[in-house]
2 protein chains.
Amino acid sequence: MSKPLHVLIIDDHLAIIEYYERIFSYLSTNANFVFEIDTATNCDAAMLKLKNAFKTNPYDLIFLDISLPPSKDGTILSGEDLGKVIRQLFNSTKIVVSTHLNNNYRINNIFNNINPEGFLIKGEAGFNHFTEAIKMVLNDTPYYTKTVLELLRKNVMNDFNLDEKDRQLLYELSKGTKMKDLPKTINLSIGGIERRKRLLKQTFNVSKKSDLVLIKTAQEYGVL
Amino acid sequence: MSKPLHVLIIDDHLAIIEYYERIFSYLSTNANFVFEIDTATNCDAAMLKLKNAFKTNPYDLIFLDISLPPSKDGTILSGEDLGKVIRQLFNSTKIVVSTHLNNNYRINNIFNNINPEGFLIKGEAGFNHFTEAIKMVLNDTPYYTKTVLELLRKNVMNDFNLDEKDRQLLYELSKGTKMKDLPKTINLSIGGIERRKRLLKQTFNVSKKSDLVLIKTAQEYGVL
DNA sequence: GAATAACCTTAGAAAAACTAAGGATTTCTA
DNA sequence: TAGAAATCCTTAGTTTTTCTAAGGTTATTC
């Protein structure tokens, strides 16, 4: 019998953890896998498990929720930070992100920060999706659910060449941040920001239209 | 009983067509689908089918090979052109591209020109992949095989902000075009092209390395 | 080893991006 | 609804980036 696959489940809802455990146990009996499963319900517990595993028995697979309460010392703010740590610590650990977040900007950020092998949106993933995801990811094939795939697809398509500031601007606008407050976060003069907004409206073909239209269009294109 | 799904299979190998037909027939008996299947083995035949279907019975699903012999009149050069026509003619037809091509530059182009709902690399797709692809695509969920997914994933990740000229430069270099000939195709002075190449090497962290290294790195990142 | 192409530097021109300031217009709100 | 606040749109001037042109150095190759 081969060495069991070391798995860590990180989620702040016990019910979800139990759900995942059931899925792994199903795979054990039906697909000939052997798992050794750890769990953590918050960032601190997760960090502890990760540090221990680092020395002795690195994880093969980590299920990672993004919305987690921050660590006590405030250094780890979410599952996203945790994911970054995992990538730093282990280089062959497969990460499967499972989250209810479903807006493009956040998904994009998660790809940039974690680049997970699997990415499931909770609302669209059921038992079959999870079993499939585990099998695929362990087999070196990425697994993404519908919303994620659609975002990826839009992403290859459009070639807008926005830089970080553009994206930040769009994001802040979508949150309703006021123009006069933007220079604090974006490091440009009001004029410069206005210029960029004008150009953004141009690239999205919504010149002369409202900011709301800009935001919605950017979202449609999967940029936001 | 519901209206049958109108399917067109385009591939220049009869064996492949018969293989696909078997898959559709399997789905008919095992997954309660009803298909009406047309086939075409070259661009002209495909165009004819498309034009006929346009008036009477538009296709729900089209399986499209990319490497096809060009049409007699030389207007349709490959499955890629055919895909563009399909997108122009029909707006609700799902396209599944199945091809043996597997380099990033071509895959990228196919996304930009056709943006298929399904994309399978022939070497990595077997019976299960095809049945799964059909079911998923008809259910409005994109389906892509491993290589394609990995490319898409790289694509969200890297944020190099290359413009058309950069890409063109990389492409020409990869073909072995000489620097002195580039101004003819790229519309910049030699100096400007040299500058861009220097910057490209910088963004890919291969400054001071050879052009070949640049090309290979760009390919690894899925840009080329 | 001479020709050819690639690479690098420099100086200057041209274009693009940004700042700052002020006025016109719209939107908010008390 | 009048006044305040925020946005939008100029303009003029500065800084930064990008490009051209030309010439010199270093590899390649025939």
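Proteins get letters first, then strands, A, B, ... in listed order; numbering begins at 1 in each.
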* **Candidates B/Ile66, B/Leu64, B/Asp11 - the one meeting side-chain contact (heavy atoms from CB on, under 4.5 Å) with B/Thr99** => B/Ile66
* Only one of B/Thr185, B/Ile193, B/Asp181 forms a side-chain contact (heavy atoms from CB on, under 4.5 Å) with B/Glu172, so which one is it? -> B/Thr185
* Interface residues of residues 184-194 of chain B with DNA chain C (non-hydrogen, below 4.0 angstrom) -> B/Glu194
* **More than 12 heavy atoms from other groups under 6.0 Å of CG on A/Asn187** => no
* Asked: Separation of A/Lys178 atom NZ from C/dT27 atom C1', in whole Å?
  -> 11 Å
* Asked: Which residue pairs pass the ring pair (Phe, Tyr, Trp, His ring centres under 6.0 Å) test when at least one of the two sits in residues 184-224 of chain B, sequence neighbours left out?
  -> B/Phe160-B/Phe204, B/Phe160-B/Tyr221, B/Phe204-B/Tyr221
* Check: A/Ser98/A/Tyr20 side-chain N/O donor and acceptor closer than 3.5 Å -> yes
* What are the residues of residues 197-218 of chain A, sorted by number, that bring a heavy atom to within less than 4.0 Å of DNA chain C? -> none
* About how many Å separate NE2 of B/His129 and CE of B/Met136, when rounded to the nearest 0.5 Å? -> 11.5 Å
* Send over the distance from A/Asn161 CG to C/dA16 P, rounded to a whole Å. => 15 Å
* I would like to know whether B/Lys201 and B/Lys209 meet side-chain contact (heavy atoms from CB on, under 4.5 Å); could you show each step before the answer? => CA-CA 8 Å; B/Lys201 287 189 179 173; B/Lys209 300 250 173 84; 5.7 Å; no
* Structure fact -> Looking only at C/dA17, D/dC19, C/dC7, the nucleotide nearest the B/Arg195 side chain is D/dC19
* To do: Check the distance between D/dT26's C1' and B/Met179's CE and give it to me in whole angstrom.
  => 15 Å
* Do A/Glu124 and A/Thr147 get their side chains close enough for a donor-acceptor pair, meaning under 3.5 Å? -> yes
